[in-house]
Every structure is written in structure tokens, then in C-alpha cells.
Amino acid sequence: MTSRDRIPLAGVIGSPVAHSKSPRIFRHWLTRFGVRGHYIPMDVAENDLEAAIRALPKLGFVGVNVTIPHKERVLEIADLVTERAELTGSANTLTFRDDGMVHADSTDGCGFMENLRSNAAEWNPAQGPAAILGAGGAARAVIASLLNAGVEEIRLSNRTRTRSENLRREFGARVRVHDWSEAGDMLTGAKTVVNATSLGMAGNDELSVPLGALSGDAVVTDLVYVPLETEFLAQARRTGCQTVDGLGMLLFQAAPGFESWFGIRPHVDDQLRQAVLS
Ligand code: NAP
């Protein structure tokens with residue numbers, strides 16, 4: 001059997017992985033576009049990661065998404081790493097090339113930006129500063145994409161201050177660090193506000209940063225998407241802000257992988273949202 005006769009396989013590797021919504025996204029697209037292929041969630045332990053990645057192409061896999069806790073480690077295993085994955089310090093999309101090379105890419109930043117642009121059509125990076133709460137892996141992708149889009153000033157606050165200081169060192173003077181105890185103050189005049197912490201997610205504490213300084217012309221987005229409208233977004237909406245939930249980022253970040261593995265650029269639309277939420 002030649003590789004052309006094989007039904008292409010893709011999937012997501014993480015641990016745990018049962019919660020992942022990626023299978024719903026990919027299965028929706030595979031059905032919608034009538035593509036022969038399968039998408040499989042795979043729980044892979046840290047110690048087995050490299051062996052699994054090297055074995056998957058031999059089993060007919062054309063690529064995989066990568067989720068927690070492997071997103072950073074896969075950069076060391078991949079043979080080729082895109083500039084944006086390098087900048088983000090992690091990868092969520094691996095493509096197994098015909099020449100045997102493992103290609104690692106990070107699509108979180110472009111997923112974030114496409115979500116923002118499609119759901120807040122008036123959003124403009126030149127409007128003013130962005131305020132980001134959180135300095136983990138996702139915040140890093142958000143900072144890189146906002147700077148790349150042309151936002152002049154990024155105000156950054158994180159519970160563990162050293163993590164935001166590290167990002168400031170990495171991304172330069174357009175990033176300004178604020179203490180977590182004063183995170184509410186950095187919202188004054190901010191035109192883009194992002195919750196990039198895991199606070200507000202079902203089962204976690206709520207984000208308790210005071211939103212009194214938020215102005216009604218800010219676009220506010222949350223990376224958390226369970227629940228779809230976090231308390232943070234609900235409060236911002238009541239202030240009059242336009243709000244964008246985090247589910248769209250998840251959907252948009254999946255599109256480049258589908259395109260490189262199955263050859264079709266898929267749509268992110270309401271049908272997909274409903275398929276993932278159902
Ligand atoms: P991470 O690297 O583990 O970072 C977690 C962040 O949350 C850190 O800034 C951490 O602060 C902060 N945090 C956690 N508990 C806190 C608490 N009790 N008080 C204050 N801050 C707290 O995770 P990540 O990968 O960046 O992900 C962050 C969130 O984004 C998660 O909810 C994740 O599901 C979501 N996400 C969504 C998408 C999407 O497609 N929508 C994509 C990626 C991530 P410390 O540094 O002080 O610990």
C-alpha cells in the first residue's frame with residue numbers, strides 16, 4: 001500500500017486529553033467537506049512523547065495538534081520550527097512532512113487575532129494600549145500577535161510578577177509591567193483588554209481584578225471559553241464594552257492544521273460553533 005492509498009489520520013496529543021474539543025472541530029470539518037480521514041485524541045505521557053511523535057507518521061498520521069502539557073517540549077523534538085512558534089515558545093500544530101521532517105507551528109496567536117478581527121470588526125490596533133491579565137503560555141502568544149498587529153503599548157499584569165518581567169525582557173519596551181495588586185489601574189484608557197489567565201474557567205476562582213476603570217469603548221476578550229460568557233466578560237458587557245468570547249480563538253487556531261493536513265482551508269462559522277457546543 002502506498003502512502004497515497006492510506007486514509008490520512010490526524011489527532012491531538014496531550015495528557016489528559018479527554019476534555020479536548022479539537023476532535024469535534026475536526027470531525028465537523030471532515031464531514032462537512034467530505035474528506036476521507038480521521039481525527040483521534042491520544043493521551044501521551046511525557047516520557048513517551050518523542051517516541052510517539054516519531055512513530056505517528058509511520059502509522060499514517062499526517063499531523064497532530066498538541067495540547068497541555070506538551071506544547072513547549074515539542075519544540076525540542078521538532079526538526080523545523082516556525083518563527084512564530086519560536087517567538088511563542090510553544091507549538092500546537094505538528095505536520096509530518098513527506099521528507100520525514102516534523103514541522104512545528106504555533107497558531108494560538110493567529111487564532112486569537114482572527115477571533116478578535118472577525119467578532120469586533122471595528123477593532124483597530126492603533127486605537128490605544130492593550131491590557132493583558134496573565135503571563136503564561138497563552139499570554140505570550142497574545143502579546144506576540146498584538147505587537148505584530150501594531151499595538152504600540154501592552155500593559156501586562158500577572159500574579160507572579162517575574163513571569164511578566166520575563167516577557168517584558170523578551171518582547172521589549174512596548175510591554176510595560178504592572179503589579180497584580182494594581183492590575184485594575186492599567187485598564188484606564190486601555191482599548192483592548194484580554195484575560196489570559198485561567199481564572200473564570202468553570203471550577204476555578206473568578207478573576208477579581210476591579211473593572212471600574214474600564215471604559216465603554218474598549219474591546220474585551222477572554223481566552224477562557226467554559227463558560228462561554230465568563231463573569232469578567234459579563235461585567236465588561238454591562239459597562240458597555242464590546243466583548244469577544246474565547247471559543248472563536250479555539251476554532252480559528254485549528255484551521256491552519258486542517259488545511260495543511262487535509263488540503264482544504266475550512267470555515268469558522270456558526271455551524272461549527274454549534275457543533276462544538278452541542
Ligand atoms: P498557563 O501557562 O498555565 O498560565 C496560567 C495563567 O493563569 C498564569 O498567568 C497564572 O498566573 C494565571 N493564574 C492561574 N491561577 C491564578 C490565580 N489563582 N490567581 C491569579 N492568576 C492565576 O496557561 P495558558 O496556556 O497560558 O492558558 C491560560 C488560559 O487560556 C487557560 O484558561 C486556557 O484554557 C486558555 N486558553 C484558551 C485558548 C483558546 O483557544 N481559547 C488557547 C490557549 C489557552 P501565575 O503565573 O501567577 O501562575
Side-chain angles (χ1 to χ4, degrees), residues 12 14-22 24-26 65-75 84-85 88-93 105-116 118-119 131-146 154-168 170 175 177-184 186 193-210 220-233 243-257 268 272-273 276-277:
V12 52
S15 190
V17 81
H19 67 283
S20 172
K21 293 200 187 296
S22 295
R24 288 189 187 202
I25 300 174
F26 280 81
N65 288 121
V66 183
T67 188
I68 289 169
H70 304 317
K71 289 170 88 166
E72 286 82 21
R73 176 79 209 294
V74 292
L75 288 190
R84 62 189 181 180
T88 311
S90 65
N92 62 354
T93 307
D105 192 15
S106 170
T107 65
D108 276 341
C110 70
F112 169 80
M113 196 48 70
E114 283 184 52
N115 186 36
L116 198 58
S118 7
N119 290 294
I132 300 177
L133 302 158
R140 199 166 151 157
V142 167
I143 294 170
S145 66
L146 287 172
I154 306 245
R155 301 167 181 174
L156 179 63
S157 186
N158 190 52
R159 174 181 62 174
T160 310
R161 189 179 166 111
T162 47
R163 281 184 103 181
S164 11
E165 301 280 6
N166 289 344
L167 290 177
R168 189 204 169 280
E170 205 170 315
V175 175
V177 173
H178 294 248
D179 207 73
W180 186 242
S181 60
E182 289 156 16
M186 72 174 185
V193 179
V194 185
N195 175 31
T197 73
S198 46
L199 292 170
M201 187 194 289
N204 288 1
D205 291 341
E206 289 297 344
L207 180 64
S208 58
V209 169
V220 180
T221 183
D222 203 324
L223 303 199
V224 170
Y225 52 84
V226 180
L228 208 47
E229 187 180 62
T230 57
E231 190 46 40
F232 169 67
L233 284 188
T243 60
V244 178
D245 68 57
L247 181 61
M249 174 175 170
L250 182 80
L251 306 181
F252 280 109
Q253 62 79 33
V268 171
L272 175 66
R273 269 179 82 87
V276 172
L277 290 172

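Order of appearance sets the numbers: ligands from 1, and atoms from 1 within every ligand. No hydrogens, no waters, no symmetry mates; every other heavy atom, side chains included, goes into these values.
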Put together the list of close N/O pairs, under 3.5 Å, between ligand 1 and the protein, could you?
{"from": "ligand 1", "atom 1": "2 (O)", "to": "Gly137", "atom 2": "N", "distance (Å)": "3.0"}
{"from": "ligand 1", "atom 1": "7 (O)", "to": "Ser198", "atom 2": "N", "distance (Å)": "3.2"}
{"from": "ligand 1", "atom 1": "9 (O)", "to": "Ala135", "atom 2": "N", "distance (Å)": "3.0"}
{"from": "ligand 1", "atom 1": "9 (O)", "to": "Asn158", "atom 2": "OD1", "distance (Å)": "2.6"}
{"from": "ligand 1", "atom 1": "11 (O)", "to": "Asn158", "atom 2": "OD1", "distance (Å)": "3.2"}
{"from": "ligand 1", "atom 1": "18 (N)", "to": "Arg159", "atom 2": "NH1", "distance (Å)": "3.3"}
{"from": "ligand 1", "atom 1": "26 (O)", "to": "Gly137", "atom 2": "N", "distance (Å)": "3.1"}
{"from": "ligand 1", "atom 1": "26 (O)", "to": "Ala138", "atom 2": "N", "distance (Å)": "2.8"}
{"from": "ligand 1", "atom 1": "40 (O)", "to": "Leu250", "atom 2": "N", "distance (Å)": "3.2"}
{"from": "ligand 1", "atom 1": "41 (N)", "to": "Leu223", "atom 2": "O", "distance (Å)": "3.0"}
{"from": "ligand 1", "atom 1": "41 (N)", "to": "Gly246", "atom 2": "O", "distance (Å)": "2.9"}
{"from": "ligand 1", "atom 1": "46 (O)", "to": "Asn158", "atom 2": "ND2", "distance (Å)": "2.8"}
{"from": "ligand 1", "atom 1": "46 (O)", "to": "Arg163", "atom 2": "NH1", "distance (Å)": "2.8"}
{"from": "ligand 1", "atom 1": "47 (O)", "to": "Arg159", "atom 2": "NE", "distance (Å)": "2.9"}
{"from": "ligand 1", "atom 1": "47 (O)", "to": "Thr160", "atom 2": "N", "distance (Å)": "3.0"}
{"from": "ligand 1", "atom 1": "47 (O)", "to": "Thr160", "atom 2": "OG1", "distance (Å)": "2.5"}
{"from": "ligand 1", "atom 1": "48 (O)", "to": "Arg159", "atom 2": "NH2", "distance (Å)": "2.8"}

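- Atom-to-atom distance recorded for Thr88:OG1 and Glu72:CD is 10.5 Å, nearest 0.5 angstrom.
- The backbone N or O of Ala141 lies less than 3.5 Å from no partner atom in the side chain of Asp108, so there is not a single donor-acceptor pair.
- Contact detail for Trp180 and Leu133: the closest heavy-atom pair is CZ3-CD2, 4.0 Å.
- Listed for the Arg24 side chain is a donor-acceptor partner under 3.5 Å among the backbone atoms of Val276.
- Evaluation of the side chain to side chain donor-acceptor pair (under 3.5 Å) rule for Thr107 yields Asn92 as partners, not counting sequence neighbours.
- The closest side-chain donor-acceptor pair between Asp222 and Thr230 falls under 3.5 angstrom.
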